[in-house]
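Chain letters run A, B, ... following the sequence lines, proteins first, then strands; residues in each count from 1. Please read all numbers here as calculations on a predicted model, not as lab measurements.
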2 protein chains.
Amino acid sequence: MASPSTTSRLSARRHRAPAAPETRYDRRLAEIIGHATEVFCKKGYEGASMRDLSRESGMSLAGLYYYFESKERLLYLIQKHTFTTIVQRLKARLEGVTDSEERIRIFILNHLEYFLANQAAMKVLSHEAEVLKNGFASEVAAIKREYYRICVGLLDNFKSEHDLQFSTRIAVLSLFGMMNWIYTWHNPRVDADAVSISGEMSDIFLLGVMANAKKGRNGR
Amino acid sequence: MASPSTTSRLSARRHRAPAAPETRYDRRLAEIIGHATEVFCKKGYEGASMRDLSRESGMSLAGLYYYFESKERLLYLIQKHTFTTIVQRLKARLEGVTDSEERIRIFILNHLEYFLANQAAMKVLSHEAEVLKNGFASEVAAIKREYYRICVGLLDNFKSEHDLQFSTRIAVLSLFGMMNWIYTWHNPRVDADAVSISGEMSDIFLLGVMANAKKGRNGR
DNA sequence: CGGCAATTCGAACGTTCGTTCGAACAGAGT
DNA sequence: ACTCTGTTCGAACGAACGTTCGAATTGCCG
């Protein structure tokens with residue numbers, strides 16, 4: 001009775017456990033999530049059917065429901081895991097770096113590196129950002145807001161250190177646009193790697209905001 | 001017998017006709033396209049059902065099929081019309097302007113102005129760019145390629161005139177990212193108008209690519 | 001007003017959708 | 001060998017999907 005697939009299924013210790021006590025259940029779920037990510041990426045969330053997911057992952061249609069209670073929750077799991085991971089990695093990389101320009105370059109590099117290494121997951125995160133509802137939506141939105149806030153913080157530091165004057169909101173959102181749009185065009189056989197693209201985008205963005213009108217002593 | 005809804009339905013004169021000889025059919029179709037655009041924008045192409053379109057436009061489910069032969073063709077009509085219009089307007093605005101920087105500023109302004117004035121249609125164009133198949137897809141892709149090429153041309157001119165050195169491809173695609181991402185964040189009650197945003201983005205982008213390494217006489 | 005074409009619609013078609021249920025299977029411990 | 005728990009599956013559910021068809025309605029020209 002009672003399928004797991006709610007978070008209560010995860011044994012209470014986890015978190016803090018040094019050697020991952022990864023259960024069979026966890027491993028299988030991760031596999032399914034991986035296949036589902038590919039399918040959602042290729043056909044879109046609404047366009048992908050549970051039967052598509054079943055075929056791709058090699059598990060029967062009914063069998064999938066042992067691991068999650070609905071298609072929507074599966075999308076939620078993908079988005080939450082992807083977003084959490086990228087924020088985590090960013091924080092680790094920022095640790096110890098104090099130069100405000102370097103911190104922004106790290107933000108951009110982290111984003112693009114993860115994006116290109118996990119294209120399918122990041123496309124699902126970017127492209128299906130509006131389909132979750134209610135509880136699912138707000139949890140992912142919270143992580144997104146945190147990520148956005150970090151970037152705003154980095155840029156505000158940079159701005160005041162260099163005595164610059166521009167709209168942080170527009171600048172940050174332009175930067176996200178530059179970076180996230182990459183899923184529509186990046187072709188690994190034609191385009192350079194993340195480090196190189198990240199360098200070019202960082203140059204355009206940073207020099208772009210730096211070259212902008214410096215703040216005079218007397219404001220406007 | 002035989003529903004119209006193929007292009008053959010449009011009376012042959014059109015194009016060149018000074019006073020629009022707009023038929024009742026044309027007007028009704030345009031209305032439906034307008035309503036469909038809103039629905040596709042709100043629920044996504046796959047997420048929107050023909051019954052949703054029927055409800056929104058006030059026409060019966062079967063009645064819709066008098067105006068177009070499939071849901072896919074309806075999306076095609078929306079995308080083709082939107083894209084054609086924005087290219088048309090751009091060409092008109094560029095006419096007579098020779099300064100290469102000003103031409104890029106016009107490109108950006110034209111894009112954002114049209115985007116914000118037709119948010120729903122532009123979101124459907126951006127967000128549902130991959131769902132059309134075969135013939136429908138390739139026709140829209142052709143316009144997209146033309147639009148992209150125009151931008152590459154503008155930037156290449158700017159680049160050689162100012163003796164700059166950067167990847168045109170990455171720069172153009174970054175610019176498109178900045179601009180197109182706007183549908184995910186723009187809020188008319190919070191954000192400035194197209195002219196102002198266009199100015200900020202143009203500054204970031206143009207100063208960004210200008211400040212980049214100038215080409216030395218001896219290359220690398 | 002009569003008649004013909006353009007337009008609209010209710011009802012139904014066959015298919016596919018997300019989800020459920022109870023039975024079958026697997027493996028480990030006694 | 002038997003049982004118990006965790007895992008998988010075939011078959012089916014009702015709902016919703018895109019599309020079709022023939023009849024009804026409308027608008028227009030004589």
Mapping A/Tyr45 and B/Ser60 to their closest nucleotides on DNA chain C, which lands nearer the 5' end? B/Ser60
Could you tell me whether the phosphate oxygens of [N], OP1 or OP2, come under 4.0 Å of any side-chain nitrogen or oxygen in [X]?
X: A/Arg28; N: D/dT8; result: yes
X: A/Ser49; N: C/dC17; result: yes
X: B/Tyr65; N: C/dT8; result: no
X: A/Tyr66; N: D/dT7; result: yes

Whole-Å distance between [N] [atom2] and [X] [atom1]?
X: B/Lys133; N: D/dG18; atom1: NZ; atom2: P; result: 14 Å
X: B/Glu46; N: D/dG18; atom1: CD; atom2: P; result: 9 Å
X: B/Leu53; N: D/dC17; atom1: CG; atom2: P; result: 10 Å
X: A/Tyr67; N: C/dT19; atom1: OH; atom2: P; result: 18 Å
X: B/Glu69; N: D/dC21; atom1: CD; atom2: C1'; result: 17 Å
X: B/Met59; N: C/dC9; atom1: CE; atom2: C1'; result: 10 Å
X: B/Met50; N: D/dT20; atom1: CE; atom2: P; result: 10 Å
X: A/Leu64; N: C/dC21; atom1: CG; atom2: C1'; result: 16 Å

Do we see a donor-acceptor contact under 3.5 Å between the side chains of B/Gln119 and B/Tyr183? no
Find which nucleotide of DNA chain D each of B/Asp52 and B/Arg24 is nearest to by heavy atoms, and output the residue with the more 5' nucleotide. B/Asp52
With sugar-phosphate meaning primed atoms plus P, OP1 and OP2, does B/Arg51 contact a base, only sugar-phosphate, or nothing at under 4.0 Å between heavy atoms? base
Answer whether the closest heavy-atom distance between the side chains of B/Tyr67 and B/Arg73 falls below 4.5 Å.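 When only atoms from C-beta onward are counted, B/Arg73 and B/Tyr67 do not touch, as no gap falls below 4.5 Å.
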Within a strict 4.5 Å, meaning less than it, do heavy atoms of the B/Gln79 and B/Ile143 side chains meet? no
Under 3.5 Å: donor-acceptor pair, side chain of B/Ser57, backbone of B/Leu53: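 Judged by distance alone, yes, a pair lies under 3.5 Å.
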Any stems for DNA chain C, made of 3 or more Watson-Crick or G-U pairs in a row, each with both distances under 3.5 Å?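 Ordered by first number, the stems with DNA chain C (at least 3 consecutive pairs each) read C:3-28 with D:3-28.
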Interatomic distance, NZ@B/Lys91 vs CG@B/Asn110, rounded to 0.5 Å, equals 12.0 Å
Any salt bridge between A/Lys71 and A/Glu46, counting N to O under 4.0 Å? no
Does the separation of the ring centres of B/His111 and B/Tyr147 fall below 6.0 angstrom? yes
